[in-house]
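Right, one structure below, let's go through it.
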Amino acid sequence: MVFPDGFIWGAATASYQIEGAAREDGRGPSIWDTFSRTPGRVTDGHTGDVACDHYHRYREDVGLMAGLGLAVYRFSTAWPRVVPDGSGPVNPRGLDFYDKLVDELLGAGITPYVTLYHWDLPQNLEDRGGWANRDTAYRFGDYAQAVQRRLGDRVRTWTTLNEPWVSAFLGYCSGVHAPGRRSEADAFKATHHLLLAHGLAAQALTGELALTLNLAPVVTPAQALDPSAPISDADREAVNRIDALLNRQFIDPALRGAYPPEVLEIAARHGGLDHIRDGDLEIIHQPIDLLGINYYNPCVVESAPGTPAHEAYPGSEGIGFASLDVPSTAMGWPIIPSGLSSLLVRLSQDYPEVGLIVTENGAAFDDVVVGDRVPDADRVAYLDGHLRAAHAAIEAGADLRGYLVWSLLDNFEWAEGYHLRFGIVRVDYGTQRRLLKDSALWYRGVIQRNGID
Ligand code: FCB
């Protein structure tokens, strides 16, 4: 099974999850520093203070990437390193780190893909209302320009945001992520201001532009196992409503300049629509080159009259979120590779104007170290299954340009702390020793062959 010539193979990480050095070289506090220090928010009180110490070990880590043969490394810049207060003076020492990292990558023949926002909002901006405050979008535009000014001579591919649904609905609605607020109205405001931030940054940036979303096919339990399973009218309405909230609420403004009507109707009931101003959707609707897709599992729903709304999905009254009786990862996420095929094919059909790239896919399992090996056959099987699904999508006509595994390294998995390991490289947090898991060795072979045996 061979992928098209020039198919991009890579791996991804994010600043707060790996860098550590939380107080070094003028970095300001982010909402994740605050959140992780708040008792009860992150399992066992883990924080990103040290993480994988990548800030000091980036040369070794780039060496690992080169050994695996990665063509692309997707990482994020930390806004609080670059602009410690979120607005105002730029911190050159913070940019120095990314400057050195980019040079190290280019020296190793690896193309840097920079994501400008992977959830570490400067705390000072949160204190002024965070993403629920319109001004944050403009401050993001300034920050994007500061990064571009410093790295733009060497970085060509820019992603504005990572998973704005998660920022808005887990951060401001269910509160399981930083900043841990619980307001439906603020979540819809945050959504809009994140999208506005995307548009403002896209206007300012030059190069190849991307937006990364956590997209999932929304299906009934029966469809999850058999896509051709029949669906009732009530279930179809449930599927459409969640698809609008999870997927189209973000894709449609960015790629078509309009919110789905269902979303406007729900947002209107939760705080109103005054935050959407004339001209905003024109700003949000910028030409972009790539849609980044983070896929882990489908979203499985069905009509369930009388059910209250899910806390991360305001407007989902009468809909049940179902679990499936299939094997799952250590996160408890069901393993359904075919969901990636159907998602990619659907996106290519509905949004043919944009190229597709899988910017995250991978799995946490309870790895065991045996001598100097990590025999993570379950992760290899997960990745193998999803690559086959990606290949099937390409055969069915999807314009898929590349695949970036989540993640290069075990890292700080947000509310789960260090307990959940997604890396293809194991990190021993006591010694910071890196160990290639079997999945890394397998992935190296995939990259060498540009395909799977
Ligand atoms: C995604 C995040 C990424 C990582 C994976 C498991 O939602 O973008 O940082 O936590 O999930």
Side-chain angles (χ1 to χ4, degrees), residues 10-20 30-32 35-36 41-43 46-48 51-52 54 73-79 113-121 131 159-174 176-178 191 194 198 210-216 246-247 250 291-299 312-313 328-336 339-340 343 357-367 376 378-379 382-383 386 403-425 427 437 439:
T13 64
S15 47
Y16 191 73
Q17 295 183 276
I18 64 163
E19 284 179 359
S30 80
I31 54 174
W32 272 96
F35 189 76
S36 61
R41 297 301 210 167
V42 174
T43 310
H46 291 172
T47 73
C52 308
H54 172 74
Y73 173 51
R74 170 184 183 247
F75 63 95
S76 74
T77 48
W79 188 348
Y113 276 24
V114 172
T115 300
L116 290 161
Y117 188 70
H118 201 129
W119 307 351
D120 37 5
L121 183 72
W131 284 111
T159 300
T160 53
L161 306 176
N162 178 71
E163 302 190 353
W165 180 87
V166 173
S167 299
F169 288 93
L170 301 191
Y172 290 84
C173 197
S174 72
V176 302
H177 275 197
T191 296
L194 281 153
H198 159 74
L211 169 67
T212 279
L213 302 174
N214 52 306
L215 300 174
L246 178 63
N247 298 321
F250 296 87
L291 181 62
I293 295 140
N294 293 354
Y295 173 78
Y296 291 94
N297 51 258
C299 179
Y313 290 87
S328 60
T329 69
M331 283 297 259
W333 294 346
I335 302 173
I336 307 191
L340 179 59
L343 176 64
I357 179 164
V358 173
T359 37
E360 289 183 25
N361 174 247
F365 288 105
D366 296 324
D367 296 328
D376 57 341
D378 35 17
R379 186 172 291 101
Y382 181 99
L383 297 175
H386 286 78
Y403 175 94
L404 313 181
V405 69
W406 184 269
S407 179
L408 178 73
L409 303 170
D410 289 339
N411 60 49
F412 175 82
E413 178 45 39
W414 309 115
E416 317 291 340
Y418 296 99
H419 293 289
L420 275 294
R421 293 176 175 271
F422 275 88
I424 56 172
V425 176
V427 175
K437 302 182 190 177
S439 55

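Heavy atoms only: backbone and side chains are in, while hydrogens, waters and symmetry mates are out. Whatever order the structure lists them in is the order used to number ligands and atoms, beginning at 1.
- Looking only at protein heavy atoms, the nearest one to atom 3 (C) of ligand 1 is Glu360 OE1, 3.3 Å.
- Backbone and side-chain nitrogen or oxygen atoms of Asn162 are examined, and one is located within less than 3.5 angstrom of a nitrogen or oxygen of ligand 1.
- Between Arg421 and Asp376 no salt bridge is recorded (no basic side-chain N to carboxylate O distance below 4.0 Å).
- Note: an N/O pair closer than 3.5 Å links His118 and ligand 1 by distance alone.
- For ligand 1 and Trp414, the ligand atoms under 4.0 Å from any heavy atom of the residue are 3 (C), 4 (C), 9 (O), 10 (O).
- Among all protein heavy atoms, the one lying closest to atom 10 (O) of ligand 1 is Glu413 OE1, 2.7 Å.
- Scanning for side-chain contact (heavy atoms from CB on, under 4.5 Å) contacts around Thr13 gives Ile18, Tyr73, Phe75, Ser407, Leu408, with sequence neighbours left out.
- Ring planes of His118 and Trp414: parallel class, angle under 30° (limits at 30 and 60°).
- Taking every heavy atom of Phe422 and a limit of under 4.0 angstrom, the matching atoms of ligand 1 come to 6 (C).
- Taking CD of Glu416 as the start and NE2 of His46 as the end, the distance is 11.0 Å to the nearest 0.5 Å.
- Of all protein heavy atoms, the one lying nearest to atom 5 (C) of ligand 1 is Tyr296 OH, 3.3 Å.
- Using modelled atom types, one side-chain atom of Tyr418 and one backbone atom of Thr47 make a donor-acceptor pair closer than 3.5 Å.
- Atoms OH and CH2, on Tyr313 and Trp165 in that order, are 4.0 Å from each other to the nearest 0.5 Å.
- Taking atom 7 (O) of ligand 1 as the reference point, the nearest protein heavy-atom neighbour is Glu163 OE1, 2.6 Å.
- Leu211 is not listed as a side-chain neighbour of Thr159, based on a closest heavy-atom distance of 4.5 Å or more.
- For ligand 1 and Trp119, the ligand atoms under 4.0 Å from any heavy atom of the residue are 2 (C), 7 (O), 8 (O).
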